Amino acid sequence: MHFHCQKLTANDLDDFLQLMKLFERVFETPYPNKPAVNEYQKLLSKAEFICVVAKIDNEVVGGLSAYLMPDYQSERPLVYIRDLAVETAHQRNGIGKKLIETVQKYAFETHNVGEVFVLAEKADDYALKFYESTGAKQIEAIYYFYEL
């Protein structure tokens, strides 16, 4: 199986829409409050939004979304991986690991990023094992959020 990873730009709206559908399938969660399609294009054009997809032929089979953030503790920014998913039929083939490597390389080379981080739910054993297998270091934290 041959796949390639690419960072999306504002010209890659169709690939981004494929990724959004993939996220819904893999996470088994519909996104009920989706913005208008032109908002996705605006998002893809922002330097602080990073989206990488893995494709086989012309089909998106995996991807991640991430955000570039300034860091008050360092001159180097951080990258937060918001979502990462690989189509179930293509999991365990190195696609997720390659997505992380691609975002790390892009973030370092383009923005001199000092750290990439991702949050995973404690109950999600598959995600925890996956991130550990990619060399991530685990820290204990509790994630709170405010729904507005």
Side-chain angles (χ1 to χ4, degrees), residues 1-71 77-138 141 143-148:
M1 173 194 55
H2 177 71
F3 66 91
H4 72 280
C5 292
Q6 71 182 65
K7 182 196 171 293
L8 298 185
T9 68
N11 297 323
D12 299 312
L13 184 59
D14 289 339
D15 288 339
F16 185 73
L17 294 174
Q18 283 186 54
L19 178 60
M20 293 299 295
K21 289 178 183 173
L22 183 147
F23 282 161
E24 287 182 320
R25 281 192 307 277
V26 172
F27 298 144
E28 298 177 348
T29 305
Y31 296 121
N33 301 320
K34 293 178 197 165
V37 172
N38 67 324
E39 293 298 318
Y40 288 145
Q41 200 143 25
K42 287 181 195 175
L43 183 62
L44 287 167
S45 68
K46 294 182 180 197
E48 61 271 13
F49 181 69
I50 303 167
C51 187
V52 177
V53 296
K55 294 172 80 174
I56 297 176
D57 297 322
N58 224 11
E59 180 187 355
V60 173
V61 296
L64 65 78
S65 62
Y67 295 90
L68 180 69
M69 302 183 321
D71 185 6
L78 307 167
V79 166
Y80 163 56
I81 297 174
R82 169 69 167 89
D83 283 318
L84 186 154
V86 175
E87 199 71 72
T88 306
H90 296 287
Q91 291 177 357
R92 302 184 198 281
N93 290 318
I95 294 172
K97 184 175 183 178
K98 186 67 173 176
L99 288 165
I100 290 175
E101 290 170 358
T102 301
V103 80
Q104 287 175 327
K105 182 178 181 194
Y106 170 80
F108 179 75
E109 290 177 356
T110 308
H111 300 285
N112 193 29
V113 166
E115 180 180 317
V116 174
F117 69 99
V118 62
L119 303 174
E121 293 182 17
K122 196 171 189 175
D124 190 346
D125 289 332
Y126 182 79
L128 298 177
K129 288 176 186 171
F130 167 73
Y131 291 120
E132 287 175 11
S133 76
T134 63
K137 296 176 185 167
Q138 181 180 359
Y143 179 68
Y144 292 95
F145 70 96
Y146 299 94
E147 192 169 328
L148 306 177

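Positions are given from 1 along the sequence. Source: prediction; values computed, not measured.
- Distance check, rounded to the nearest 0.5 Å: CG of Leu99 to CD of Gln6 gives 11.0 Å.
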I would like to know whether Val60 and Phe16 meet side-chain contact (heavy atoms from CB on, under 4.5 Å); could you show each step before the answer?
CA-CA 9 Å; Val60 173; Phe16 185 73; over 6 Å; no
Yes or no on side-chain contact (heavy atoms from CB on, under 4.5 Å) for Gln18 and Val53, after CA distance, side-chain angles and deciding distance?
CA-CA 10 Å; Gln18 283 186 54; Val53 296; over 6 Å; no
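- Put simply, CE on Met20 and OH on Tyr31 are 5.5 Å apart, with the number rounded to the nearest 0.5 Å.
- Residues that satisfy the salt bridge (charged side-chain N to carboxylate O under 4.0 Å, His left out) test with Lys55, not counting sequence neighbours, are Asp15.
- Of all the heavy atoms in Leu68 and Ala47, the pair that sits closest is CD2-O, 4.1 Å.
- Within 6.0 Å of CG in Asn112 there are more than 12 heavy atoms belonging to other residues, nucleotides or ligands.
- For the ring pair (Phe, Tyr, Trp, His ring centres under 6.0 Å) test, residues two or more places apart in sequence or in another chain that qualify with Phe27 are Phe23.
- For the pair Tyr126 and Gln91, the minimum side-chain heavy-atom distance is below 4.5 Å.
- Shown here are the ring pair (Phe, Tyr, Trp, His ring centres under 6.0 Å) partners of Tyr106, two or more places apart in sequence or in another chain: His111.
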Distance-only donor-acceptor pairs under 3.5 Å for side chains of residues 33-41, two or more places apart:
from, atom 1, to, atom 2, distance (Å)
Lys34, NZ, Glu24, OE2, 3.2
Glu39, OE2, Lys42, NZ, 3.1
Gln41, NE2, Ala10, O, 2.9

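- Every residue two or more places apart in sequence or in another chain was checked for a salt bridge (charged side-chain N to carboxylate O under 4.0 Å, His left out) with Asp12, and none qualifies.
- Note that CG of Leu8 and CG of Leu43 are 10.5 Å apart. Values are rounded to the nearest 0.5 Å.
- Remark: Tyr67 engages Phe49 in a ring pair (Phe, Tyr, Trp, His ring centres under 6.0 Å) (not counting sequence neighbours).
- Applying the side-chain contact (heavy atoms from CB on, under 4.5 Å) criterion to Ile56, with sequence neighbours excluded, gives Met1, Phe3, Val61, His90.
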Donor-acceptor pairs are to be reported for all side-chain atoms of residues 81-89 against protein atoms at under 3.5 Å, with residues two or more places apart or in another chain.
from, atom 1, to, atom 2, distance (Å)
Glu87, OE1, Arg25, NH2, 2.6
Glu87, OE2, Arg25, NE, 3.2

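- In this structure, CD1 on Ile50 lies 7.0 Å from NZ on Lys7, to the nearest 0.5 angstrom.
- Screening residues 116-133 for salt bridge (Lys or Arg N to Asp or Glu O under 4.0 Å) gives no qualifying pairs among residues at least two apart or on separate chains.
- Atom CD of Glu115 is separated from atom CD of Gln104 by 11.0 Å, given to the nearest 0.5 angstrom.
- For the pair Val52 and Cys5, the tightest heavy-atom approach, listed with the atom from each and the gap, is CG1-CB, 4.2 Å.
- Across all non-hydrogen atoms, the minimal contact from Val79 to Ala107 is CG2-CB, 3.8 Å.
- For Tyr131, there are no ring pair (Phe, Tyr, Trp, His ring centres under 6.0 Å) partners, not counting sequence neighbours.
- What you find for Leu44 and Cys51 is that their closest heavy atoms are CD2-CB, 4.2 Å.
- For Lys105, the salt bridge (charged side-chain N to carboxylate O under 4.0 Å, His left out) test picks out no residue, with sequence neighbours left out.
- In plain terms, the two heavy atoms of Leu128 and Ala120 that are nearest each other are CD2-CB, 3.8 Å.
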